[in-house]
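This report concerns only the one structure given below.
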Number of protein chains: 2
Amino acid sequence: MKVSELAKRGGVTAETVRHYTREGLLSPRRHPDNGYQLFSSTDLERLHFIQRARKLGFSVAEIHDILLHADQGDSPCPLVRDLLATRLPQIRARIAELEALAQRMEQALESWQHMPDGTPDGHSLCRLIESFPDESSPQEAL
Amino acid sequence: MKVSELAKRGGVTAETVRHYTREGLLSPRRHPDNGYQLFSSTDLERLHFIQRARKLGFSVAEIHDILLHADQGDSPCPLVRDLLATRLPQIRARIAELEALAQRMEQALESWQHMPDGTPDGHSLCRLIESFPDESSPQEAL
DNA sequence: CTTGACCTGTGTGTAACCCACAGGTTTTAC
DNA sequence: GTAAAACCTGTGGGTTACACACAGGTCAAG
């Protein structure tokens, strides 16, 4: 099957299929006359595998590694365990960051309810933002 | 003051100062002889403002808009309220996504404790990943 | 004077896709 | 058979907030 059919049957976009192919996760044959990528049912199974791994939080590069191991007959399971155990605390940390951000935002919206909007003058750009307590803890990107 | 001094006094990297300057958040004068960027104490105050806004979750582009409003004498406060009120539910949604992902990862690690690693065969790449329940809900990127 | 620090403009990288474009091929409808 | 729409390819740019690299110029300290 061609790109769109695999995408449709796998429940992803054709762009995603092409992306996974470029990243080496999928390896289609080529039609000899027009160069179109031809995927087999095995590729569909592999796409399902990729999706499972994505849902578990594995990155595309990590899935590529896992598939390399498997294709070489080596067990990727120790790698899989290690990657996930390493990634989980990172996800937890990210959740904590976002939770702290959400609370800051909620506090700001709460206190801003009773504040006038004001107009910029020589000393102030926006009193709302300037009224927010400036703690010296580093702020993380979203 | 030059880039490094502003960065030091603002508690950020020189790279960050240069980035904010390129994005239009800071507008230094130029030394007439060597073209070096010269920042004033007003720029330092503006950097503090930017940091406050970043901590509240505003993006660099949004802060740019806010500063534009203020510099034109318009009150950016309605914009600020709107942006934050719009962004907060997005942050909450993101937290929920990551929480769901963390739980999936924890479940997987838990169930994998009692599973052997196995070796790839013709039908299986990695039994750990393949054993994970495949629900049809869409998975979001990290 | 020399060396190290700093400055500039410019370009690349990060992650996982998404979109656009030019040009070629296939499919569909008439 | 023809025309239009759909699809395919390779290639390049975009998204976010920085961080880093490089070549070349300038400044500060010894």
If the C1' atom of C:dC7 is compared with that of D:dT16, how far apart are they to the nearest Å? 26 Å
Cationic N near anionic O, under 4.0 Å, A:E97 to A:R94: yes
Just how far is it from atom CZ of A:R104 to atom CZ of A:F132, taken to the nearest 0.5 Å? 6.5 Å
What is the distance, rounded to the nearest whole Å, between atom NZ of A:K8 and atom C1' of D:dC7? 14 Å
Interatomic distance where CD belongs to B:Q51 and P belongs to D:dC18 [whole Å]: 10 Å
Testing D:dC8, C:dT8, C:dC6 for proximity to the side chain of A:R18, the answer is D:dC8
Between A:R46 and A:D71, does at least one N-O distance fall below 4.0 Å, as a salt bridge requires? yes
The contact string for nucleotides 25-30 of chain D, one letter per nucleotide 5' to 3', using protein heavy atoms under 4.0 Å with B, S and - for base, sugar-phosphate only and none, comes out as BBS---
Roughly how many Å is it from CG in A:L38 to P in D:dC8, rounded to a whole number? 11 Å
Taking any heavy-atom pair under 4.0 Å as a contact, classify A:E23: base, sugar-phosphate, or nothing. nothing
Ignoring hydrogens, what is the shortest heavy-atom contact between B:R87 and B:S59? Give both atom names and the distance. NH2-CB, 4.1 Å
Straight-line distance of A:W112 CH2 to B:L84 CG, nearest 0.5 Å: 5.0 Å
Rounded to the Å, how far apart are A:L25 CG and C:dA15 C1'? 13 Å
Within this structure, what is the NE2-to-C1' distance between B:H64 and D:dA17, rounded to whole angstrom? 15 Å
Rounded to whole Å, please give me the gap between CG in B:L56 and P in D:dA17. 14 Å
Can you tell me how far C1' in D:dT15 sits from the matching atom in C:dT8, rounded to whole Å? 27 Å
Starting at NZ of A:K55 and ending at P of C:dC17, how long is that distance when rounded to a whole Å? 14 Å
All N/O contacts under 3.5 Å from nucleotides 18-21 of chain C to the protein, with atom names and distances to one decimal?
residue : atom : partner : partner atom : Å
C:dC18  : OP2  : A:T13   : OG1          : 2.7
C:dC18  : OP2  : A:T16   : OG1          : 2.8

Does OP1 or OP2 of D:dT9 have a side-chain N or O of A:Q37 closer than 4.0 Å? yes
Report yes if at least one side-chain N or O of A:Y20 is closer than 4.0 Å to OP1 or OP2 of C:dA16; otherwise report no. no
Using 4.0 Å as the upper bound for N to carboxylate O, is an ion pair formed by B:E99 and A:R92? yes
Please find the pair of heavy atoms, one from B:P28 and one from B:Q37, that lie closest to each other, and give the distance. CG-OE1, 3.4 Å
Using whole Å, what does the distance between atom P of nucleotide D:dT16 and atom CD1 of B:I50 come to? 17 Å
Side chains of B:T13 and B:T16: closer than 4.5 Å at any heavy-atom pair? yes
Would B:R127 and B:D117 pass as an ion pair if we require N to O under 4.0 Å? no
